[in-house]
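Below is one structure, written out as structure tokens, with a few remarks after it.
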Number of protein chains: 2
Amino acid sequence: MNKPNTRNQHGISGKDDRQLMFSLINAGRAIEQSLEEALTPIGLSLAKFGALTHLVEAGEPLSLSECAKKMTCVRSNITQLMDRLEADGLVRRIKDPQDRRTVKAALTRLGRERQSAGAKEVARVQAELRKTLDGINQGALRRALSAIM
Amino acid sequence: MNKPNTRNQHGISGKDDRQLMFSLINAGRAIEQSLEEALTPIGLSLAKFGALTHLVEAGEPLSLSECAKKMTCVRSNITQLMDRLEADGLVRRIKDPQDRRTVKAALTRLGRERQSAGAKEVARVQAELRKTLDGINQGALRRALSAIM
DNA sequence: TTCGGTTTATTCATATATGAATAATACAGG
DNA sequence: CCTGTATTATTCATATATGAATAAACCGAA
């Protein structure tokens, strides 16, 4: 990667960069940044791509609550995200006749296409990252990350 | 840690969690989340703590531009963050007579105390993380992270 | 069947970020 | 000394998040 991290908001890393905790935070943000940059040209953000991807994977419309669960965020966030996705023409809200409280998000054709284009870009970033981490012990890395979460 | 990740906005992790890229993003977010939770009781966010810490480390007032550089973010962000820190009584804006364009941020007594309390909490989280990562190869992890950034 | 608790989405207030536009100041070179 | 360019902070519009409050709809138990 070797891109400058332009999104380390707190900017804490102690006296040296070797502090593991902040390195992990910064690494995560650096990758997010790369993904955002890769998605920008096709008109997506990481948040939007995430929502579209869950809808594609589900293969059917999902209620906004289900979306919130899959994206591990609060529902008011999904309300807003869907507003933007709907404004972009990538998603359509449909009412659920079974449960009139529920609103489902359905992909539009454009939404499906956009997600597919996004997936290609994400795969590209992922391949870059794999190459970057080529020489290192990925097993150790995976074990560490799964210990954290 | 083993706290549920309640802040994985995109929520993408593919079919399995083994996808390194999203694991890294999620690990970073999980740690951020722990830090936010640790700082909340003392009235700080990670962003606020970061700003205070840079001021403490500098040992003197810093211009808002210098703060933005240290925190690797745009200046309009610092303007807003300083507004909130000033409202909290943790920082004071002082005009620079040498350069009348410049506004410097100076720690208040309360700001210094709050940062110090925050640093203790951060150290606690850091110690927890160290313990979590006890069994794993931290050298490999460090090398991986420095490769990414 | 009505009542009360739960779930649904939305709205509102707020925090944190970006980036563009603006205004004031500095400063170098003619 | 002007003049143009750069730098400074701020403001504005926007995106992404949280959490509290609200309204509508559902559902089980009395």
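These numbers come from a predicted model, not from an experiment.
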Among the candidates C/dT16, D/dT8, C/dA26, find the nucleotide nearest to the side-chain atoms of B/D99. C/dA26
When you measure from the side-chain N and O atoms of B/R100 to the phosphate of C/dA26, is any distance below 4.0 Å, counting only OP1 and OP2? yes
Ignoring hydrogens and angles, write down the donor-acceptor pairs under 3.5 Å from the side chains of residues 103-114 of chain B, residues two or more places apart or on other chains.
unit_1: B/T108; atom_1: OG1; unit_2: B/G89; atom_2: O; d: 2.7
unit_1: B/T108; atom_1: OG1; unit_2: B/L90; atom_2: O; d: 3.2
unit_1: B/T108; atom_1: OG1; unit_2: B/L110; atom_2: N; d: 3.4
unit_1: B/T108; atom_1: OG1; unit_2: B/G111; atom_2: N; d: 3.0
unit_1: B/R114; atom_1: NH1; unit_2: B/I42; atom_2: O; d: 3.3

B/D83 CG - D/dT11 C1' separation (whole Å): 11 Å
Within the distance-only criterion (no hydrogens, no angle test), does the side chain of A/E86 pair as donor or acceptor with the backbone N or O of A/D83 below 3.5 angstrom? no
Counting the atoms with a prime plus P, OP1 and OP2 as sugar-phosphate, which does B/R75 contact under 4.0 Å by heavy atoms, base, sugar-phosphate, or nothing? base
How would you label the contact of B/S45 with the nucleic acid (heavy atoms, under 4.0 Å): base, sugar-phosphate, or nothing? sugar-phosphate
Using whole Å, what does the distance between atom C1' of nucleotide C/dT8 and atom CD1 of A/I78 come to? 14 Å
Using side-chain heavy atoms (C-beta onward) and a distance below 4.5 Å, is A/S23 in contact with B/R142? no
Donor-acceptor pair, B/S34 side chain versus B/A30 backbone, under 3.5 Å? yes
What distance separates A/R130 CZ from B/Q19 CD, expressed to the nearest 0.5 Å? 8.0 Å
Over how many whole Å does the gap from A/I25 atom CD1 to C/dA17 atom P extend? 12 Å
Just list the side-chain donor-acceptor pairs under 3.5 Å for residues 115-124 of chain A, sequence neighbours left out, or say none.
unit_1: A/Q115; atom_1: NE2; unit_2: A/T53; atom_2: OG1; d: 3.0
unit_1: A/E121; atom_1: OE1; unit_2: A/R124; atom_2: NE; d: 3.2
unit_1: A/E121; atom_1: OE1; unit_2: A/R124; atom_2: NH2; d: 2.8
unit_1: A/R124; atom_1: NH1; unit_2: A/E128; atom_2: OE2; d: 3.1

Is any side-chain nitrogen or oxygen of A/N77 closer than 4.0 Å to OP1 or OP2 of D/dT18? yes
Whole-Å distance between D/dA9 P and B/D96 CG? 9 Å
Name the nucleic acid region contacted by B/V74, choosing base, sugar-phosphate or nothing; use a 4.0 angstrom heavy-atom cut-off, strictly under. base
Out of D/dT8, C/dT16, C/dT8, whichever nucleotide has its closest atom nearest the side chain of B/S65: D/dT8
Any side-chain to backbone donor/acceptor pair from A/E36 onto A/L46? Under 3.5 Å, distance only. yes
Whole-Å distance between C/dA9 P and A/M82 CE? 10 Å
Quick one: label A/T79 by what it contacts on the DNA or RNA (base, sugar-phosphate, nothing), any heavy atom closer than 4.0 Å. base
I'd like to know if B/R101 reaches the base of D/dT7 with its side chain, counting only an N/O donor and acceptor under 3.5 Å. yes
Taking atom C1' of C/dT11 as reference, at what distance in whole Å does atom CG of A/L64 sit? 14 Å
I'd like to know if the side chain of B/N26 and the backbone of B/F22 have a donor-acceptor N/O pair within less than 3.5 Å. yes
Can you list, in residue-number order, the parts of residues 85-94 of chain B that come under 4.0 Å of DNA chain C, counting heavy atoms only? none
Distance in angstrom units between B/L81 CG and C/dA17 P, rounded: 7 Å
Round to the nearest Å and state the distance from A/Q33 atom CD to C/dT16 atom P. 19 Å
Look at all strands and tell whether B/S63 reaches a base, only sugar-phosphate, or nothing, counting heavy atoms closer than 4.0 Å. sugar-phosphate
